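A short worksheet on the structure shown next.
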Amino acid sequence: MTTDRNDRESDRGEGAQRGPGPWLALIFVLALAGLAVLVVNEIIKQVNVQNCILSGRKDCVEIVPGK
């Protein structure tokens, strides 16, 4: 009795995937997580500066001449 290719692939289980798809998805998710961390850190910095300014302090941000 011969088995064809479809029967052999179905024996691997339904979770078996082939190709670069899972790796690309993993890289995409990791890139999104890294970007989210950067965005959250920048938002936290801006909130801290805003709180400092709203409290009446004048030395919240260092001003660099020429930029």
Side-chain angles (χ1 to χ4, degrees):
M1 174 181 218
T2 62
T3 59
D4 60 18
R5 186 171 188 249
N6 291 334
D7 288 339
R8 284 180 279 159
E9 286 181 2
S10 66
D11 290 341
R12 293 182 189 166
E14 294 183 19
Q17 294 184 2
R18 299 184 56 94
W23 288 108
L24 291 176
L26 177 65
I27 291 170
F28 181 72
V29 168
L30 290 176
L32 280 179
L35 185 62
V37 167
L38 292 175
V39 169
V40 168
N41 284 336
E42 190 62 33
I43 290 172
I44 289 171
K45 287 180 193 176
Q46 294 298 320
V47 166
N48 288 337
V49 170
Q50 184 178 12
N51 288 340
C52 179
I53 292 172
L54 290 176
S55 69
R57 294 175 52 194
K58 303 283 185 196
D59 60 345
C60 299
V61 180
E62 180 182 345
I63 299 174
V64 179
K67 284 191 175 183

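These figures come from a predicted structure and were not determined experimentally.
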**Asked** Is L54 reachable from V61 through a run of I, L, V, M, F, W or Y residues, each pair having side-chain heavy atoms under 4.5 Å apart?
**Response** no
- Task: Indicate whether the side chain of Q50 and that of Q46 have a donor and an acceptor atom separated by less than 3.5 Å.
- Result: no
Are L24 and L30 connected in the hydrophobic side-chain network, where two residues link if heavy atoms are under 4.5 Å apart?
no
Output for pair (I53 CD1, D59 CG), nearest 0.5 Å, gives 10.5 Å
